[in-house]
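Data first, discussion second: the structure below is written as structure tokens.
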Amino acid sequence: MFFLFQSCKSSAPISAPLTPPYVDGLEEGYPSKVYSNLPKTLYYRVIEMDMPQSLREFRGVWIATVANIDWPSSPDEPYAKQKEDFIKLLDYYQSLNFNAVIVQIRTAGDAFYPSRYAPWSKYLTGKQGKRPDTLEDPLSWMILESKRRGFEFHAWLNPYRATMNMEISELSPEHDVLNYPQWMVKYDNKYFYNPGLPEVKSHLLKIIEEVVKNYNIDAIHFDDYFYPYQVNGQVFDDEAAYRRYAKQGQSKADWRRENVDDLVFAISQLIQSEKPWVQFGISPFGVWRNSSLDPRGSNTQTAQTNYDHLYADVLKWTENRWLDYLIPQLYWSTDFEAASYRELLNWWSRNHNNTTIYIGNGAYKIRDNADPAWNDPMELVNQLSLSNMTPNVNGNTFFSARSLFQKNQDVAQLIKDYHYEFPVLSPIPHRQIISPPSIVDPILILHGEGYAFQFREVVKPDYRYALIYTAPTLNDLQRRAEETNFQKIYLDDNDRFVVPILSFEGKPYIALSFIDRFGVETKPLVYKIEGKLLTRTE
């Protein structure tokens, strides 16, 4: 398995033991500064050398739970079967070398976790407010299983959508529509929270705070739903709130944008103060504004846009660095006339404003869309090729999980063959990075039929993963040749004193590094298994 490295500027230096050097017997051209930290019983040596840093690219997939789009396949299935299906999804995308899952945990005023502020989701249990038939917390379990497979877990919440229909009788007595009807606006056969009410903002912040404080997530994630997509002939009736809270002379459109801005900024500040390593990302509709209305806009002709219809001023958020990443949803084909993937990819590349950009790709359209371009199995492959060639674009995310799992597995395989052949780390999009305490160098011990790293003290929770590479030669290890094996081991409570090497396979060269909460990789330690005592040179 092949894996690339690049130098890590922020990693801590390796401190070599103060013992005399030994004969190294390494290939010509490689450093010979080698030390023993187990005199008289040495069967390995530590090699002091620089290694390139890991290649990074965001490879994400949305797992939608609303209307059981992706998971669970049915709310009426036993919880054990739902768990089995979730693991199948994770294993499948792990086999394709993805590294992030964006899992919807709040669809419409509900929750896929025990919450003080929302009832259990009917998409999980079949009836809103009914708890699942288990004593475990489903969200904690999903996070753990995702991390054990090397995925980042992004908790996806819909802030303003309160229901999916007008059927009040289906709601739990705990639902906000019943408890706070004054917060709601009826629109498009649904209930929405009124973004213009301070009480709504305060309530939504409590919901986000609950998730950030209680769960080991990597990110809070919003999609494109802010004010609802506009429907001809219908009015979003927030006139009373507008008259009460708008500034003098402020238009309703500007007031609505300010309401959304205030929520985005407040969530950004909340996360930074509570857990600064948790990212905040948004996946907006793919068009900020059409150039026909604003010269800064894209050369597109979409009927609705973020700024003018959803009241989401995405550029303002990036200009003010309120977000760690942005995933604009470019769900059109490469050269679609009204809004081409090519045009919008380049537009977001130019308008990133120092915010990390990933691209959202519409896998759900494959062989299921009026645009004939989606009948070509290479459409997504070609879109990823364009993304990889475009500056300031750091990866892709696919909507949604079932589109490449329950069908179109041939396209998924093409994506792996052309772009995701080898595993990579996810990027480091954080606006602020805090360096953790350094790790004391471990020793290498015999462990079962192989080896493990043992530490003199427990690895602190600031570190999330151990990265281990094994190779037959030092040259293979440094180049991350095909013969090199890669392991990304999640450091749960059982792996913070002894970390086993899971696939040694007789390959004597080993590199060990760690990923901290912010995604930063430490400088790799390099070892060579000798299997015999070394002769000391004078």
Side-chain angles (χ1 to χ4, degrees), residues 58 60-62 64 102 188 222-232 253 257 260 281-318 323 325-353 355-400 403-404 408 411 415:
F58 194 82
V61 60
W62 279 287
I102 304 175
D188 190 23
F222 287 173
D223 59 21
D224 52 321
Y225 286 93
F226 294 99
Y227 279 84
Y229 284 89
Q230 295 185 11
V231 178
N232 289 335
R257 279 186 285 270
V260 178
I282 292 178
S283 55
F285 180 68
V287 178
W288 174 68
R289 296 193 87 185
N290 294 318
S291 58
S292 59
L293 292 177
D294 190 322
R296 295 180 300 163
S298 53
N299 183 22
T300 50
Q301 300 86 41
T302 55
Q304 305 204 38
T305 68
N306 281 294
Y307 186 90
D308 297 293
H309 301 87
L310 307 180
Y311 304 103
D313 191 355
V314 181
L315 287 193
K316 182 176 181 179
W317 308 340
T318 59
L323 304 177
Y325 69 82
L326 199 71
I327 312 181
Q329 298 176 12
L330 308 191
Y331 292 166
W332 300 278
S333 62
T334 302
D335 295 304
F336 186 68
E337 184 176 357
S340 79
Y341 183 88
R342 190 190 309 274
E343 157 67 18
L344 287 164
L345 177 68
N346 290 323
W347 189 90
W348 286 105
S349 170
R350 296 191 303 269
N351 291 277
H352 62 92
N353 295 322
T355 296
T356 300
I357 299 292
Y358 314 133
I359 298 300
N361 298 81
Y364 70 99
K365 289 187 174 181
I366 299 170
R367 303 182 176 111
D368 191 20
N369 192 262
D371 179 359
W374 289 105
N375 294 327
D376 182 356
M378 291 295 290
E379 175 64 26
L380 276 187
V381 175
N382 294 335
Q383 289 189 359
L384 264 64
S385 296
L386 286 174
S387 296
N388 292 341
M389 295 164 50
T390 304
N392 307 313
V393 173
N394 298 279
N396 297 77
T397 305
F398 300 87
F399 187 85
S400 63
S403 302
L404 295 172
N408 303 313
V411 175
I415 290 171

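What's counted below: heavy atoms across the whole structure, side chains too, no hydrogens, waters or symmetry copies.
The backbone N or O of W332 lies less than 3.5 Å from a partner atom in the side chain of Q383, making a donor-acceptor pair. At distances below 3.5 Å, at least one donor-acceptor pair connects side-chain atoms of N306 with backbone N or O atoms of V287. In this structure a side-chain-to-backbone donor-acceptor pair under 3.5 Å is missing from T397 to V61.
A salt bridge (charged side-chain N to carboxylate O under 4.0 Å, His left out) check over residues 330-344, counting only residues at least two apart or in different chains, returns the pairs D335-R342. Evaluation of the side chain to side chain donor-acceptor pair (under 3.5 Å) test over residues 369-378, restricted to residues two or more places apart or in two chains, returns S333-D371. A salt bridge (charged side-chain N to carboxylate O under 4.0 Å, His left out) check over residues 295-305, counting only residues at least two apart or in different chains, returns the pairs D294-R296. For residues 379-400, no pair satisfies salt bridge (charged side-chain N to carboxylate O under 4.0 Å, His left out), with sequence neighbours left out.
Smallest separation of non-hydrogen atoms from S349 and N392: O-ND2, 3.1 Å. The minimum heavy-atom distance linking L404 with I366 is given by the pair CD2-CD1, 3.9 Å. Closest of all the heavy-atom pairs between S298 and L344 is OG-CD2, 3.6 Å. Residue I327 comes nearest to G360 through the heavy atom pair CG2-N, 3.4 Å, listed as atom of the first residue, atom of the second, then distance. Closest heavy-atom contact between V314 and L326: CG1-CD2, 3.5 Å. Looking at every heavy atom in both residues, H309 comes nearest to Q304 through ND1-CA, 3.3 Å.
The closest side-chain heavy-atom distance from Q329 to D223 is below 4.5 Å. By the 4.5 Å heavy-atom criterion applied to side chains, W347 and P328 are not counted as neighbours.
Under the 6.0 Å cut-off for aromatic ring centres, W317 and F222 do not qualify, their centroids lying 6.0 Å or more apart.
Considering CG of L384 and CG of N396, their distance stands at 4.0 Å, rounded to 0.5 Å. Rounded to the nearest 0.5 angstrom, T318 OG1 and W348 CH2 are separated by 7.0 Å. To the nearest 0.5 Å, the span separating CG on L380 from OG on S387 amounts to 10.0 Å. Going from atom CZ of F285 over to atom CZ of F226 covers 13.5 Å, rounded to the nearest 0.5 Å.
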Quiz item: Under the side chain to side chain donor-acceptor pair (under 3.5 Å) criterion, do T300 and N290 qualify, and how do the steps go?
Solution: CA-CA 5 Å; T300 50; N290 294 318; 2.7 Å; yes
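The ring-ring contact (aromatic ring centres under 6.0 Å, His included) test applied to Y341 returns no partner, not counting sequence neighbours. Residues forming a side-chain contact (heavy atoms from CB on, under 4.5 Å) with V381 (at least two apart in sequence, or on another chain): M378, L414, I415, Y418, H419. With sequence neighbours excluded, the residues that form a salt bridge (charged side-chain N to carboxylate O under 4.0 Å, His left out) with R367 are D410. For A253, the side-chain contact (heavy atoms from CB on, under 4.5 Å) test picks out S251, R257, Y311, with sequence neighbours left out. Listed by chain and residue number, W288 satisfy the ring-ring contact (aromatic ring centres under 6.0 Å, His included) test with Y307 (two or more places apart in sequence, or in another chain). For Y225, the ring-ring contact (aromatic ring centres under 6.0 Å, His included) partners at least two apart in sequence or on another chain are Y229. Qualifying salt bridge (charged side-chain N to carboxylate O under 4.0 Å, His left out) partners for D224, counting only residues two or more places apart in sequence or in other chains: none. By the salt bridge (charged side-chain N to carboxylate O under 4.0 Å, His left out) test, K365 is found to be paired with no residue, residues two or more places apart in sequence or in another chain being considered.
Relative orientation of the Y358 and F58 rings is parallel, given thresholds of 30° and 60° on the angle between their planes.
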